[in-house]
Amino acid sequence: MMRVRFAPSPTGFLHVGNARTAVLNYLVKKKNNAAYILRIEDTDTQRSTMESEQSILSDLKWLGIQWDEGPDCGGKFGPYRQSERFDIYRQFTEKLLITGNAYHCYCTQEELDAMRAKAAEHNKPFVYPGTCRHLSLEQKLAYEHQGRKPTVRFRVNDGISIVVNDHIKGKVVFSSENIGGDFIIVRSDGIPVYNYIVIIDDTLMNITHVIRGEDHLPNTPKQMLIAMALDLPAPEYAHMPLLLGPDRTKLSKRHGITSVSIYREQGYLSQALFNYLALLGWTTRSGEEIVSIEELVEQFELSKIGKSPAIFDFQKLKWMNSEYLKNLPSEQVYSLFYPYLEKAGYTTHDTGWLNSVIDTIRGNCQIASDIVSEIAIFFGDTVEPDQEAGELLSQQESKAIIMTAYELVTSNEVNEHNYHQLLNAIKQKTGLKGKMLFMPFRAMITGRLHGPELDKIIPLLGYQRFKKRIENCYQRFIN
RNA sequence: GUCCCCGUCGUCUAGGGGUCUAGGACACCGGGUUUUCAUCCCGGCAACAGGGGUUCGAAUCCCCUCGGGGAUGCCA
């Protein structure tokens with residue numbers, strides 16, 4: 001049986017790059033009926049938090065990703081938090097120490113930093129020289145007396161070539177002399193490091209396919225070396241190209257929003273994000289872009305994923321979201337929008353009216369939070385014109401419209417029974433039509449140059465507000 | 001520096017020796033429908049990194065150069 005995994009570290013919010021890894025793994029699971037294992041890699045005790053873990057789990061669920069085994073639901077291969085598996089790792093460390101594949105290293109941080117600095121100075125790659133490889137008992141005791149706490153290093157012998165037959169990258173060959181020498185597998189505080197335990201967990205959890213970001217490719221030979229020393233079978237690998245920002249460096253916060261939770265807060269639809277993330281790196285046969293999860297699963301193949309990195313296009317994601325929003329049934333749109341409106345203070349007891357308003361402006365929203373600025377024109381007796389509306393209303397051509405509207409409204413010639421005819425009345429009186437008529441009128445009533453159809457706005461506004469806005473506009477731009 | 005990965009429109013990509021005067025989508029620009037906004041429709045702009053091979057023929061295969069990215073942590 002095929003088993004895949006997603007293994008985030010709970011050191012912050014779920015990043016879209018990681019979310020893509022989670023999504024791709026999910027596609028593989030669905031396509032091949034595989035088991036999906038969620039493992040929490042929380043060995044960085046300084047930065048790992050339970051809050052992060054919870055928010056990551058919550059974001060994954062929101063995205064529609066369901067796992068079969070994980071810290072919240074258990075499974076046959078648990079525990080699923082690395083921090084709860086230290087006893088397991090200790091046994092393997094013992095074994096490596098006994099077989100001579102690992103040894104205690106008493107070099108201090110400072111000593112190592114100095115060696116690194118020196119290597120950099122000479123433009124040489126840093127390779128741990130194996131200083132502590134053959135320490136005598138006396139030397140060890142002397143170090144212990146100094147209060148040094150040893151790390152455990154994995155012994156890397158020269159002349160070994162490690163081949164990764166990657167499902168995406170193809171055959172990648174590394175030489176053992178190029179991986180920096182003996183590397184640390186257990187820190188001086190006794191906590192094992194990622195590169196060491198990741199392979200133990202992958203094999204112990206029977207993971208058959210490790211699908212992860214390309215940044216892990218250079219780590220893979222280290223992991224495979226450990227597997228060899230421990231006589232564990234290595235899983236198959238697929239390294240996906242990275243997600244980049246517009247400047248072509250690894251996508252990070254400074255490029256914009258990178259947390260799934262923020263997309264969620266801003267009112268992106270999970271299906272849209274899933275769809276976008278899933279299609280970064282490959283396409284469907286037809287080239288169709290708006291694709292259901294079922295169809296994505298149906299058409300997905302690991303080998304179809306491209307080898308080159310992809311730049312995360314915030315704009316295209318937004319477009320995709322708007323497509324999903326358009327196709328959402330009204331009831332779902334209402335319940336999607338309500339929380340944003342409440343938070344912004346746009347509340348009313350007249351749900352019917354509110355829903356009608358939403359119906360008329362939902363098309364102008366690309367993401368749910370857009371509703372807040374779109375709905376503003378329906379609230380308040382007066383409106384503050386934005387810059388372009390203000391400029392238009394200040395122009396000479398607009399004055400006739402404002403004055404005519406004002407006169408008709410104040411003379412009661414136009415009243416609550418016929419006010420939606422005002423536009424036509426102005427047209428007759430001024431002879432203006434088209435843009436020349438509509439735009440100043442729109443600006444006067446809504447304070448903006450963009451928005452839904454005027455014919456729909458006016459009845460929803462009601463006569464009182466309508467009138468007040470005209471009066472206000474008159475005072476503002478004519479008086 | 002060293003190791004590894006990658007290189008088709010601005011972006012995501014299709015293409016895997018002839019069907020490529022390189023296709024689609026986002027973005028952008030123009031036009032049309034709508035007496036207004038948006039939608040929608042139509043059109044346009046725009047790419048095989050460069051140089052050598054191999055071949056009758058190369059975006060496609062090989063080599064080099066250049067460019068970009070990642071790794072090089074007692075982070076993951």
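Numbers restart at 1 for each chain; the letters A, B, ... are given by sequence-line order, proteins then strands. All values reported here derive from a predicted model rather than from experimental measurement.
Between A:K169 atom NZ and B:G7 atom C1' the separation is 11 Å, expressed in whole Å. Here the P atom of nucleotide B:A71 and the OH atom of A:Y237 are 18 Å apart, to the nearest Å. Across the protein-nucleic acid pair, A:R442 atom CZ and B:A38 atom P stand 8 Å apart, rounded to whole Å. When the P atom of B:G15 is taken as reference, atom CZ of A:R285 falls 12 Å away, rounded to whole Å. The OH atom of A:Y194 sits 11 Å away from the P atom of B:U72 (whole-angstrom rounding). Residue A:K456 contributes atom NZ, which lies 12 Å from atom C1' of B:U34 at whole-angstrom precision. Rounded to an integer number of Å, the gap from CG of A:L24 to C1' of B:C12 is 14 Å. As rounded to whole Å, 13 Å separates atom P of B:G73 from atom OH of A:Y128.
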Item to check | Audit row: A:F312, A:Y276, ring pair (Phe, Tyr, Trp, His ring centres under 6.0 Å) steps and yes/no | outcome: CA-CA 10 Å; A:F312 191 88; A:Y276 179 69; 5.3 Å; yes

Checklist entry - Could you go step by step and tell me if A:Y324 and A:N275 meet the side-chain hydrogen bond (donor to acceptor under 3.5 Å, both in side chains) rule? => result CA-CA 10 Å; A:Y324 275 86; A:N275 189 163; 2.5 Å; yes

Item to check | Stepwise side-chain hydrogen bond (donor to acceptor under 3.5 Å, both in side chains) test for A:R212 and A:T220 | outcome: CA-CA 11 Å; A:R212 60 182 7 169; A:T220 310; 3.3 Å; yes

Item to check | Full working for salt bridge (Lys or Arg N to Asp or Glu O under 4.0 Å) between A:E121 and A:K118 | outcome: CA-CA 5 Å; A:E121 212 176 287; A:K118 201 172 173 189; over 6 Å; no

Item to check | side-chain hydrogen bond (donor to acceptor under 3.5 Å, both in side chains) assessment of A:Y263 paired with A:N321 | outcome: CA-CA 11 Å; A:Y263 284 102; A:N321 196 73; over 6 Å; no

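Less than 4.0 Å separates RNA chain B from at least one heavy atom of each of the following residues of residues 146-167 of chain A: A:T151. At a non-hydrogen distance threshold of 4.0 Å, A:I311, A:D313, A:Q315, A:K316, A:W319 from residues 311-319 of chain A come into contact with RNA chain B. Contacts between residues 360-377 of chain A and RNA chain B, counted as heavy-atom distances below 4.0 Å, involve no residue at all.
A:T43 comes within 4.0 angstrom of sugar-phosphate atoms only, judged by non-hydrogen atoms across all strands, and of no base. Within 4.0 Å of A:V173, counting heavy atoms only, lie sugar-phosphate atoms of the nucleic acid but no base atom. A:R448 comes within contact range of no nucleotide atom at all, as no heavy-atom separation falls under 4.0 Å. Using a 4.0 Å heavy-atom distance criterion, A:G434 is classed as a base contact. Nucleic acid contact class of A:L449 (heavy atoms, under 4.0 Å, all strands): sugar-phosphate only. Using a 4.0 Å heavy-atom distance criterion, A:D455 is classed as making no nucleic acid contact. Residue contacts shown for A:G287 are absent, as no nucleic acid heavy atom lies under 4.0 Å away. At a threshold of 4.0 angstrom between heavy atoms, the contacts of A:P309 are confined to the sugar-phosphate backbone, with no base atom among them. Backbone-only engagement by A:E41 is indicated by non-hydrogen atom pairs under 4.0 Å involving sugar-phosphate atoms exclusively. Counting any heavy atom pair closer than 4.0 Å across all strands shown, A:H216 reaches a base atom. Within the 4.0 angstrom heavy-atom criterion, no nucleotide atom of any strand lies near A:Y276. Across all strands, A:L242 comes closer than 4.0 Å only to sugar-phosphate atoms, never to a base (heavy-atom distances). Across all strands, A:T249 comes closer than 4.0 Å only to sugar-phosphate atoms, never to a base (heavy-atom distances).
Under the Watson-Crick or G-U wobble criterion, with both distances below 3.5 Å, B:A49 is paired with B:U65. Pairing for B:U11 goes to B:A25, judged as Watson-Crick or G-U wobble with the two contacts each under 3.5 Å. In this structure B:U34 sits in no base pair that meets the Watson-Crick or G-U test at under 3.5 Å. For B:G73, there is no paired base (Watson-Crick or G-U wobble, both distances below 3.5 Å).
Residue-to-nucleotide proximity on RNA chain B shows that, of A:L454 and A:K307, the 5′-proximal contact is made by A:K307. Between A:S9 and A:K124, the one whose closest nucleotide on RNA chain B sits nearer the 5' end is A:K124.
If you take atom P in B:U11 and the same atom in B:A47, they sit 12 Å apart, rounded to whole Å. On the P atoms, B:C9 is 11 Å away from B:U13, given to the nearest whole Å. As rounded to the nearest Å, B:C41 and B:A25 have P atoms that lie 10 Å from one another. Nucleotides B:G31 and B:A59 have their P atoms positioned 37 Å apart, rounded to a whole Å. Spacing between B:G18 and B:C3 at atom C1', rounded to whole Å, works out to 39 Å. B:C63 and B:G24 have their P atoms separated by 33 Å, with the value rounded to a whole Å.
Between A:F379 and A:Y346, the ring-plane angle classifies as tilted under the 30° and 60° cut-offs. Note: A:H216 and A:Y194 have tilted aromatic rings, judged against thresholds of 30 and 60 degrees for the angle between ring planes.
A distance-only check finds no donor-acceptor pair linking the side chain of A:N165 to the backbone of A:K171 [under 3.5 Å].
The only option from A:V383, A:D386, A:I457 that meets the side chain to side chain contact (heavy atoms under 4.5 Å, CB included) definition with A:T446 turns out to be A:I457.
Counting non-hydrogen atoms of other residues, nucleotides and ligands closer than 6.0 Å to NZ of A:K253 gives a total of 12 or fewer.
Which of B:U36, B:A71, B:A14 sits closest to the side chain of A:T283 comes down to B:A14. Closest to the side chain of A:K427, from the set B:U35, B:U13, B:U36, is B:U35. Distance from the side chain of A:R248 is smallest for B:U11 among the nucleotides B:U11, B:A76, B:G73. Side chain of A:A310, nearest nucleotide from B:U36, B:C5, B:C12: B:C12. Distance from the side chain of A:E323 is smallest for B:C40 among the nucleotides B:A71, B:C40, B:U36. Considering only the side chain of A:P125, B:U2 comes nearest among B:A71, B:C4, B:U2.
Dashed line: the shortest gap from a side-chain N or O of A:S308 to OP1 or OP2 of B:C5 is not under 4.0 Å. One finds a side-chain N or O of A:K326 lying less than 4.0 angstrom from the OP1 or OP2 phosphate oxygen of B:C40.
Here the CD1-CD1 distance, from A:I211 to A:I305, works out to 7.5 Å after rounding to the nearest 0.5 Å. Taking SG of A:C365 as the start and CD1 of A:I375 as the end, the distance is 8.5 Å to the nearest 0.5 Å.
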